[in-house]
Chemist: 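Take this structure first; my questions come after.
Note that the structure is predicted; figures quoted are calculated from it, not measured.
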Amino acid sequence: MTTPFSPAHLEQHRQHFPALGNKTYFNYGGQGPMPQSAIAAIREAHETLQRTGPFSGEANGWMLQEITQVRGAIATELHVTPDTITLTENVTTGCNIPLWGFDWQAGDHLVLSDCEHPGIIAAIQELEHRFGIRTSVCSILDTLNGGDPVAAITQHLQPETRLVVISHLLWNTGQVLPLQDIVQACHRTLNQRQQPVRVLVDAAQSAGSLPLDLASLGVDFYAFTGHKWLCGPAGVGALYVSPQALESIRPTFIGWRGITKDEAGMPTGWQAGGTRFEVATCDVTLYPALREAIATHNCWGTAADRYQRITYLSRYLWERLVDIPDLHCLRLAPPEAGLVSFQVKRPEVKHSELVKALERQGFMLRTLLDPDCIRACVHYFTLEDECDRLIAALRQLMGT
C-alpha cells in the first residue's frame with residue numbers, strides 16, 4: 001500500500017505500546033493495549049491528586065480541567081462540539097442512557113438488528129418487561145455478503161416505531177453498515193407522534209478504527225468506549241447526543257454533575273448539553289490517559305490514513321485465511337474494517353481449543369458464539385509479518 005510512513009517509522013511507533021513486545025496481538029476489538037504515555041499519565045494523575053488533596057479546591061480545579069480537556073479531545077475525534085459529549089464508563093452505559101431516557105409507553109415499537117451485543121439485547125428485553133414496548137429484529141446478518149441493510153431495517157419501521165438500535169461496525173461479522181443512509185431513511189419516517197425515528201448506535205468497534213464525522217452522519221445517539229480501538233484505559237467512554245435529539249430523552253441516573261443548583265445548593269434543572277446525563281464521582285485519573293492514547297494515534301497520520309492501513313491489513317490477512325483448506329471466512333469479500341471473522345469447517349477442531357492453542361504460542365485472538373467463529377482484529381500498527389506468522393501457526397495447528 002502507499003502511505004507517507006515508512007516501515008521504520010511504524011516500527012518506531014510500535015515501541016509506544018509495551019504489550020506488543022511479547023505477544024502477537026489480534027484482540028483490539030476486545031481491548032486495545034495502552035501506549036506507555038497513557039500508563040504514565042494514570043500514575044501522574046494519581047500522584048497529582050494525592051499531593052493536592054485529593055479532596056481540595058486545587059484538586060477540584062484540576063479535575064474540572066481534565067474533564068474539559070478529555071471532552072474536547074473526544075469531540076475533536078468525532079468532529080462535533082464538546083457540549084454534545086456525555087462522559088461515561090463504557091459503551092453499555094452510553095447505550096443505556098437513551099434506552100432508558102425515552103418516555104416509553106405500552107405499544108411503542110423499537111427495531112434492533114440481529115447482530116447486537118448481548119448487553120444491549122438484555123437492556124431492551126427489560127424495557128419490554130417494564131413498559132410493554134414491542135420490538136422487531138431485522139436480519140442484518142443476511143446482508144453480510146449481499147443485500148441492502150437499509151431496506152432490511154426500514155421494512156420493520158411502523159407508525160409506533162420510536163427508536164432503531166444498530167451497530168456501526170458489527171462486532172461479530174466485521175460488516176460496516178451504511179450509517180448515514182440508515183439515519184436518513186429513519187429520519188424521513190415520522191411516527192404517529194409526528195417525530196422522526198431516532199437512531200442509537202453501538203460504536204464499540206467503530207470509534208478509533210473508522211474515520212468519523214458524526215455531524216455529517218446525522219446520527220442521534222452514538223455510544224463508544226476508549227479501551228478498544230482507541231487503546232485507552234478501561235473505564236472511560238462517551239455518548240454523543242445530537243442537538244436535535246437532546247430533548248427527546250431525559251436523565252435516568254441523576255447526580256450532582258448533571259444538575260444546576262441555586263445559591264442554597266438545591267437542584268434547579270439540568271446542565272446544558274450532554275453533561276446533564278453525567279452522574280457523580282468518577283475516576284478522573286483515567287481521563288488524561290485517554291487523551292494521551294488519542295494523541296499517540298494522531299502521531300501516525302490522519303484517521304483516514306490509519307483506516308486505509310487497517311483495510312489494507314485486513315485484506316492481507318483475509319486473502320491468506322481463505323487459502324487455508326477447511327477454513328471459511330464469514331465475509332466472501334475483503335473486510336471493510338479491522339475485524340476478520342472465520343470458521344473452521346472440521347468437526348474435530350473446536351474454535352475454543354484452537355484459540356487456546358494459539359494463545360500458548362503468543363497469538364491473541366478470541367471466539368464468538370453467534371455466529372460461532374474466531375475473530376482476529378488488525379490495527380493500523382499491526383505488521384504484515386504478524387499476519388504471516390498467524391497464518392503459519394494456523395496451518396501448523398490444523399495440519400494443512
Side-chain angles (χ1 to χ4, degrees), residues 16-19 25 27-50 53-55 59-60 62-78 82 85-100 117-120 122-123 171 201-209 221-241 251-258 274-275 277-297 364 366 377 379:
H16 292 288
F17 299 88
Y25 202 73
N27 258 340
Y28 298 98
Q31 184 160 347
M34 283 198 293
Q36 184 62 55
S37 59
I39 299 170
I42 295 175
R43 179 179 180 85
E44 182 179 345
H46 276 289
E47 292 176 345
T48 297
L49 279 180
Q50 298 309 311
F55 196 81
N60 185 60
W62 176 86
M63 287 189 286
L64 290 175
Q65 179 180 347
E66 289 298 331
I67 289 170
T68 298
Q69 289 180 338
V70 76
R71 198 189 309 275
I74 291 168
T76 298
E77 286 298 297
L78 303 181
I85 299 299
T86 300
L87 298 177
T88 66
E89 294 75 35
N90 47 56
V91 174
T92 305
T93 300
C95 287
N96 269 277
I97 289 171
L99 283 174
W100 292 95
H117 193 275
I120 306 306
W171 73 298
V201 177
D202 179 334
Q205 301 300 330
S206 51
S209 61
F221 312 105
Y222 201 85
F224 72 94
T225 181
H227 77 273
K228 294 181 184 288
W229 295 89
L230 286 171
C231 301
V236 182
L239 169 70
Y240 164 76
V241 181
T252 299
F253 296 101
I254 297 167
W256 57 265
R257 283 177 64 184
T275 306
F277 304 112
E278 296 173 10
V279 185
T281 303
C282 59
D283 191 352
V284 179
T285 64
L286 300 178
Y287 291 174
L290 179 57
R291 287 195 294 110
E292 286 293 336
I294 292 172
T296 298
H297 296 311
M364 307 298 170
R366 70 161 293 180
C377 302
H379 216 318

Chemist: For a quick test of reading the model, state the closest non-hydrogen atom pair linking Pro33 to Tyr25 and the distance between them.
Modeler: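 The pair with the smallest heavy-atom distance is CD-CE2, 3.8 Å.
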
Chemist: By salt bridge (Lys or Arg N to Asp or Glu O under 4.0 Å), which residues pair with Glu44, not counting sequence neighbours?
Modeler: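 In terms of salt bridge (Lys or Arg N to Asp or Glu O under 4.0 Å), with neighbours along the sequence ignored, Glu44 is linked to no residue.
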
Chemist: Side chain of Lys228, backbone of Tyr28: donor and acceptor closer than 3.5 Å?
Modeler: no

Chemist: Just one of Leu78, Val241, Leu239 clears the side chain to side chain contact (heavy atoms under 4.5 Å, CB included) bar with Ile85, so which one?
Modeler: Leu78

Chemist: Do the ring planes of Phe17 and His297 sit parallel (below 30°), tilted (30 to 60°) or perpendicular (above 60°)?
Modeler: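 Geometry flag for His297 against Phe17: parallel rings.
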
Chemist: Do Tyr240 and Ile74 have side-chain heavy atoms sitting under 4.5 Å apart?
Modeler: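 A side-chain contact is absent here, since even the closest heavy-atom pair is not under 4.5 Å.
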
Chemist: Could you tell me if the side chain of Cys377 sits less than 4.5 Å from the side chain of Trp229, heavy atoms only?
Modeler: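 With C-beta onward as the side chain, the pair touches.
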
Chemist: Taking the side chain as C-beta and beyond, is there a heavy-atom pair between Tyr222 and Ser206 under 4.5 Å?
Modeler: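 Side-chain contact under 4.5 Å: yes.
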
Chemist: Are Leu286 and Ile42 close enough that some pair of their side-chain heavy atoms sits under 4.5 Å apart?
Modeler: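 Yes, their side chains come closer than 4.5 Å.
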
Chemist: Would you mind reporting whether Arg291 and Glu66 have side-chain heavy atoms less than 4.5 Å apart?
Modeler: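 The answer is yes, as the side chains (C-beta and beyond) meet within the 4.5 Å cut-off.
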
Chemist: Would you say the side chain of Leu87 lies within less than 4.5 Å of the side chain of Val236, judging by non-hydrogen atoms?
Modeler: no

Chemist: Indicate whether the side chain of Asn96 and that of Thr93 have a donor and an acceptor atom separated by less than 3.5 Å.
Modeler: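 No, because no side-chain N or O of Asn96 sits under 3.5 Å from a partner of the opposite role on Thr93.
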
Chemist: Taking the side chain as everything from C-beta on, heavy atoms only, tell me whether Pro233 gets closer than 4.5 Å to Leu290.
Modeler: yes

Chemist: Closest heavy-atom contact between Gln36 and Pro18?
Modeler: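 Heavy-atom minimum between the residues: OE1-CG, 3.2 Å.
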
Chemist: Less than 4.5 Å apart, side chain to side chain, heavy atoms only: is that true for His117 and Thr92?
Modeler: no

